[in-house]
Amino acid sequence: MIVRTLREYRRALVGWAVGISAFLAMYVGVYASIRESPETYSQAAVAKYPGALRDLMGGLEDFTTGTGYLQSVVYQLFVPMMFVFAALTVANRAIAQPEEAGTLELTVTLPVDRRRLVLDRFAGLVLGLLAAAAVTFLVTYGVAQTIEMGVPFDRLLAAHTGVLLLALFFGTVALAVGAAVGRRAPASAVVGGWAVAGYVVVTIGRNVDAIAWLKWVSPWHYYLEGKPLSTGWPWGDYLVLAAATAVLLLTAVLSFDRRDVGV
Amino acid sequence: MSAMTAVVQAEGLTKYYGRRRGLEDLTLEIQPGEVFGYLGPNGAGKTTTIRLLLDVIRPTRGLVRVLGEDTRTPAVRNRIGYLPGELALEGREKAREYLEFLAKVRGGVPAARIDGLAERLDADLGVPMRKLSKGNKQKIGLIQAFMHEPEFLILDEPTSGLDPLVQQEFLAMVREVRASGRTVLMSSHVLAEVEHVSDRVGIVRGGRLVAVENVAALREKAVRRVELHFDAPVPREAFEGLPGVRDLRIEGASLRCTIDGRPDALVKAAAKFTVVHMVSAEPDLEEIFLTYYSEAS
């Protein structure tokens with residue numbers, strides 16, 4: 001069942017991995033020219049993103065060092081967000097999409113436990129995202145090495161692991177909603193809403209007292225706060241993401257085991 | 001598997017979708033080796049019943065056991081072959097690959113058996129499934145239901161989309177299953193589709209099982225038209241008042257009538273003369289079936 005799950009995910013995964021890799025290669029590669037004329041670029045960046053917009057981009061501090069550039073351009077928003085939507089696309093194929101298409105009915109009449117089915121689908125999501133993360137990590141590391149960016153291997157690995165955990169969390173949100181209601185639209189709405197609002201809360205919202213506390217329910221907080229590129233592995237934060245994912249998986253298993261399929 | 005255990009045991013089986021009634025208070029037993037025709041118009045509760053038997057949906061109340069086991073037990077589904085009423089086959093995957101996957105999950109099926117079924121039904125397994133026509137998808141559905149030689153076949157509208165030749169082949173497959181002592185539940189909205197292979201038929205309407213009839217008994221009750229031709233004109237008195245004989249018309253050497261029940265009395269009366277030709281139309285069970293409908297509504 002896991003093998004088949006991976007086959008069903010394959011197209012979406014390969015597409016996203018290629019897309020994200022291309023994005024990474026291009027943007028990391030651009031750093032070579034930014035490094036040539038740091039003053040121009042840091043001023044340009046500050047001018048281009050004033051005030052709140054700069055907050056939204058994570059502050060754009062230290063834009064011209066290798067670490068700062070990677071953090072701002074790659075790991076702050078674009079790559080994790082792309083991974084989150086890749087995870088959403090893939091996770092929707094686990095239950096919601098086949099249920100809407102009607103193909104899930106025959107699957108649940110196989111001699112396979114419903115709980116096992118959800119776990120296998122989740123395992124496929126983990127392996128698929130892991131593969132996409134590994135490929136994109138190698139691309140990032142390769143380009144960073146080529147242009148001598150000066151970012152250590154383990155820091156980069158720590159940051160990339162954060163992307164994987166964040167994507168896995170939102171993917172499991174989609175899996176859990178799909179397992180509970182069997183439709184793609186609610187799963188996409190929950191993931192899209194939570195991902196965007198959660199990001200705004202930890203960036204612009206940080207300075208607004210009324211909503212600052214919301215950061216505790218934003219996965220982005222646990223992804224961004226530890227600054228793995230400059231300080232290394234934020235074990236505690238990553239553990240929170242992993243534990244939240246495990247809880248979501250449990251709800252997915254329990255809700256799918258209890259409900260009617262395809263009505 | 002003891003021969004005494006009913007293949008389907010339902011007691012007060014009820015399913016509501018929210019407030020909408022899907023099935024109400026179904027009590028039914030299907031015995032091993034039986035072919036049970038499950039009849040009713042669309043939306044009557046046939047698919048609801050079938051999905052309950054397969055644990056795709058869960059009963060609101062009531063009991064249901066299949067092959068002596070709780071329907072929640074995954075292992076029992078390995079002993080069932082299932083053709084969904086709305087079979088969805090999608091994607092770029094070829095039919096053969098999908099069948100091989102299903103076979104593997106069900107513990108393995110010899111490739112020769114899949115090929116044999118494909119040949120019988122004239123199915124092309126090398127085509128991506130999304131490109132298959134409705135009839136060809138139905139063939140794939142039948143292959144996957146039959147291929148692991150399950151003890152119990154549950155077929156929801158199995159003949160829909162099949163051309164007449166393939167339908168005949170399918171009915172032959174059902175007869176073989178019965179001959180080997182296995183059990184079949186097949187649904188249809190047309191009696192004619194199931195009457196030739198079914199031992200019993202159940203008629204469901206508006207979520208309720210309104211009748212269960214033995215097909216042989218139904219046939220015996222059925223009205224049939226009979227024509228007899230003799231070598232010489234026959235006297236009307238010889239056939240008047242025979243039990244079960246109605247609408248008697250005699251014109252010279254030929255006799256026409258309808259028979260209600262057994263043709264025994266008519267045959268014995270006719271035996272006194274020289275019969276040169278006899279025509280007996282198939283009883284129209286559809287008519288009886290419709291009688292039940294009007295009674296139920």
Side-chain angles (χ1 to χ4, degrees), chain A residues 1-15 89-121 123-124 128 178-184 186 253-263, chain B residues 15-18 20 22-23 47-48 50-60 66-67 69 71-94 97-107 129-130 137 140-141 144-145 148 150 152 154 156:
Chain A
M1 195 61 91
I2 294 176
V3 174
R4 181 175 178 80
T5 301
L6 282 173
R7 284 187 49 169
E8 287 171 8
Y9 294 170
R10 188 175 52 197
R11 272 180 171 264
L13 276 169
V14 169
T89 315
V90 171
N92 265 341
R93 289 176 173 241
I95 289 170
Q97 192 243 329
E99 183 158 0
E100 284 179 344
T103 55
L104 191 64
E105 181 170 351
L106 199 53
T107 309
V108 298
T109 62
L110 291 170
V112 177
D113 192 283
R114 289 245 196 127
R115 286 166 293 191
R116 178 66 197 276
L117 182 66
V118 178
L119 289 175
D120 284 357
R121 295 298 205 184
V181 303
R183 282 180 296 126
R184 270 179 295 180
V253 167
L254 293 179
S255 59
F256 188 62
D257 194 38
R258 273 150 206 243
R259 74 175 171 91
D260 294 348
V261 169
V263 288
Chain B
K15 177 68 185 176
Y16 277 83
Y17 302 105
R20 189 166 59 85
L23 184 70
T47 298
T48 296
I50 283 169
R51 286 181 171 162
L52 285 167
L53 295 180
L54 286 149
D55 193 42
V56 173
I57 57 176
R58 307 283 162 66
T60 307
V66 173
L67 294 162
E69 306 247 17
T71 52
R72 298 290 292 266
T73 320
V76 75
R77 296 198 288 269
N78 212 10
R79 298 157 63 193
I80 301 175
Y82 172 47
L83 174 73
E86 285 157 36
L87 180 67
L89 299 173
E90 297 206 330
R92 292 170 184 82
E93 194 179 23
K94 292 194 169 107
E97 291 162 14
Y98 185 53
L99 289 172
E100 280 165 0
F101 157 72
L102 294 173
K104 208 168 179 181
V105 181
R106 289 176 178 148
M129 291 197 293
R130 60 176 177 174
K137 282 186 180 175
I140 305 302
Q144 63 82 29
H148 53 304
F152 182 27
I154 300 179
D156 196 355

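Proteins come first, then strands; the chains are lettered A, B, ... in the order of their sequence lines, and each starts at number 1.
- The salt bridge (Lys or Arg N to Asp or Glu O under 4.0 Å) check on B/E100 picks up nothing, with sequence neighbours excluded.
- Interface remark: B/K15 contributes side-chain atoms only to the contact with chain A (heavy atom separation under 4.5 Å).
- Looking at B/L87, the atoms closer than 4.5 Å to chain A (heavy atoms on both sides) all sit in the side chain, from C-beta outward.
- Near-neighbour residues of residues 100-110 of chain A relative to chain B, defined by a heavy atom under 4.5 Å from a heavy atom of that chain, comprise A/A101, A/G102, A/T103, A/E105, A/L106, A/V108, A/T109, A/L110.
- Between atom CZ of residue B/R58 and atom CZ of residue A/R258 there is a gap of 10.0 Å, rounded to the nearest 0.5 Å.
- Scanning for side chain to side chain contact (heavy atoms under 4.5 Å, CB included) contacts around A/A179 gives A/I95, A/A252, A/S255, A/F256, with sequence neighbours left out.
- Counting non-hydrogen atoms of other residues, nucleotides and ligands closer than 6.0 Å to CD of B/E69 gives a total above 12.
- Take A/T5 and apply the side-chain hydrogen bond (donor to acceptor under 3.5 Å, both in side chains) test, not counting sequence neighbours, and it matches A/R121.
- Ranked by non-hydrogen atom pairs under 4.5 Å with chain A, the options B/P74, B/P84, B/A75, B/G107 are led by B/P74.
- How far CD of B/E93 is from CZ of A/R4: 4.0 Å, rounded to the nearest 0.5 Å.
- Contact annotation for B/Y82: both backbone and side-chain heavy atoms come within less than 4.5 Å of a heavy atom of chain A.
- Contact count against chain B (heavy-atom pairs under 4.5 Å) is highest for A/R114 among A/R114, A/R7, A/E8, A/R259.
- In terms of heavy atoms, B/R106 sits closest to A/P111 at CG-CD, 3.9 Å.
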